[in-house]
Amino acid sequence: MLPKMEAPARRARPLRGWRWLDVQLARRAARSGRVAVFAYEFLCFGLKQASACLFGGLMVALLVASWRWYPADAALSRYDFLTLSAIAIQLGLLASGLESREEARVIVLFHAVGTAMELFKTAMDSWSYPGPSVLHLGGVPLFTGFMYASVGSYIARAWRLFDFRFTRHPSFGATVALAVAIYANFFSHHFLPDARWLLFAALAWLFGPTWVHFRIRRRHRRMPLLLGFVLVAGFIWFAENVGTYTHAWLYPAQRAGWHPVPLAKLGSWLLLMVISYVMVSAVHRRGAAR
């Protein structure tokens with residue numbers, strides 16, 4: 001097994017009350033038999049996943065709430081409301097200790113990378129933002145960067161909460177090269193042949209043998225890392241359907257009437273997952289070196 005990638009020195013503050021409750025509930029489950037132990041561990045898994053998804057889940061909830069109830073004639077546009085709300089959520093997570101400073105840095109980095117791609121993609125009419133806003137760059141409202149950042153936030157928080165470790169992991173240099181190639185292809189395929197099938201092959205070759213070991217309570221379980229990428233990409237695809245349904249953004253084919261985002265978009269999100277994962281792994285390597 002590869003050595004554990006240590007979390008950054010400054011962590012989110014532990015919730016000691018919850019740890020005491022965890023011990024009490026685990027003891028009760030142990031006295032009730034294996035089924036109760038499995039059920040309690042599954043519950044813990046769901047709670048940790050919910051905690052890891054906190055930033056992204058709140059952003060999706062804001063998309064729905066602002067679409068359903070935000071006044072159309074408000075002085076502050078819906079998009080600007082989403083941007084300011086995202087900033088407030090970020091500050092609240094930091095102040096409460098639910099998010100570490102290193103995880104916040106990941107969000108800032110993802111915001112920059114995502115916004116750069118958004119500027120290009122909207123200029124190419126890959127998708128558009130139909131509402132007005134003051135807080136924007138070009139045709140891109142600034143809240144969109146937080147949607148990309150929520151992916152990085154999830155990976156960073158899950159890495160810490162589940163104490164990730166890896167076996168048969170590719171070298172960091174190889175993963176960076178793949179991430180750079182993927183990011184470049186998001187731009188270049190508008191002018192050159194799309195290389196995504198080569199990128200899928202490289203992804204399978206590099207990460208196919210890799211297992212991620214995650215700890216729900218005390219024992220580490222394992223699963224293929226590629227499967228983890230696919231599952232997360234599926235959740236992002238679902239969130240994208242929510243975003244387009246609430247008219248936060250629209251693809252050209254959806255302007256005449258909404259329909260689900262094609263399943264083919266799962267491939268794009270799978271490739272984006274690699275960029276997200278490599279960026280978070282770089283932060284962890286930096287923390288381990290420090």
Side-chain angles (χ1 to χ4, degrees), residues 46 49-93 96 98-99 107-108 110-155 157 186 231-266 268-269 272-273 276:
Q49 285 286 1
S51 178
C53 293
L54 184 58
F55 187 84
L58 289 173
M59 288 301 299
V60 172
L62 278 172
L63 291 179
V64 176
S66 63
W67 166 71
R68 182 68 179 82
W69 293 293
Y70 196 75
D73 58 350
L76 183 70
S77 73
R78 178 195 179 197
Y79 287 163
D80 292 338
F81 166 76
L82 289 171
T83 300
L84 296 177
S85 297
I87 295 172
I89 291 170
Q90 179 66 76
L91 294 176
L93 291 175
S96 65
L98 292 176
E99 188 170 82
I107 287 180
V108 172
F110 270 83
H111 196 294
V113 171
T115 301
M117 189 166 71
E118 284 283 328
L119 288 168
F120 177 82
K121 288 291 189 178
T122 52
M124 300 301 296
D125 199 32
S126 296
W127 54 80
S128 62
Y129 295 91
S133 64
V134 173
L135 303 175
H136 67 272
L137 289 175
V140 180
L142 293 184
F143 86 89
T144 61
F146 287 103
M147 301 305 297
Y148 287 92
S150 64
V151 180
S153 173
Y154 166 77
I155 298 174
R157 289 173 61 79
F186 278 126
L231 291 175
V232 176
F235 280 109
I236 299 173
W237 176 83
F238 173 78
E240 188 176 32
N241 276 285
V242 174
T244 56
Y245 185 79
T246 60
H247 282 224
W249 64 89
L250 292 172
Y251 288 99
Q254 293 174 321
R255 291 168 187 165
W258 184 85
H259 56 79
V261 177
L263 279 172
K265 282 290 181 181
L266 272 172
S268 298
W269 288 117
L272 179 72
M273 276 299 307
S276 307

Expected output: side-chain Thr83 to main-chain Tyr79 donor-acceptor under 3.5 Å: yes

Stepwise side chain to side chain contact (heavy atoms under 4.5 Å, CB included) test for Leu84 and Leu76: CA-CA 10 Å; Leu84 296 177; Leu76 183 70; 4.0 Å; yes

Main-chain N/O of Trp258 paired with His247 side-chain donor or acceptor, under 3.5 Å: no

For Leu63 against Ala248, the heavy-atom pair lying closest together: CD2-CB, 3.7 Å

Nearest heavy-atom neighbours spanning Val60 and Ala239: CG2-CB, 4.0 Å

Flag if over 12 foreign heavy atoms under 6.0 Å of CZ, Phe120: yes

Ring pair (Phe, Tyr, Trp, His ring centres under 6.0 Å) involving Phe110 - partner list, sequence neighbours excluded: none

Closest approach of Ile89 to Phe55 (non-hydrogen atoms, all atoms of both residues): CG2-CD1, 3.8 Å

Main-chain N/O of Ser133 paired to Arg78 side chain as donor or acceptor, under 3.5 Å: no

Smallest separation among heavy atoms of Phe186 and Lys121, with atom names: O-NZ, 2.9 Å

Mutual orientation of the aromatic rings belonging to Trp269 and Tyr148 [parallel < 30°, tilted 30-60°, perpendicular > 60°]: tilted

Considering all heavy atoms, the nearest Ala233-Leu266 contact: O-CD2, 3.5 Å

Geometric class of the Phe146/His111 ring pair [parallel <30°, tilted 30-60°, perpendicular >60°]: perpendicular

Residue pair Leu54 / Leu93: nearest heavy atoms and the distance that separates them: CD2-CD2, 3.3 Å

Any donor-acceptor N/O pair, Asn241 side chain to Val261 backbone, under 3.5 Å: yes

Polar side-chain atom of Arg255 near backbone of Leu250 as donor-acceptor pair, under 3.5 Å: no

Flag, side chain of Ser153 to backbone of Ala149, donor-acceptor distance under 3.5 Å: no

Donor-acceptor contact below 3.5 Å, side chain Trp237 vs main chain Pro262: yes

Over 12 non-hydrogen atoms of neighbours within 6.0 angstrom of CZ in Phe238: no

Polar side-chain atom of Ser77 near backbone of Pro132 as donor-acceptor pair, under 3.5 Å: yes

Whether Thr144 side chain and Pro141 backbone form a donor-acceptor pair below 3.5 Å: yes

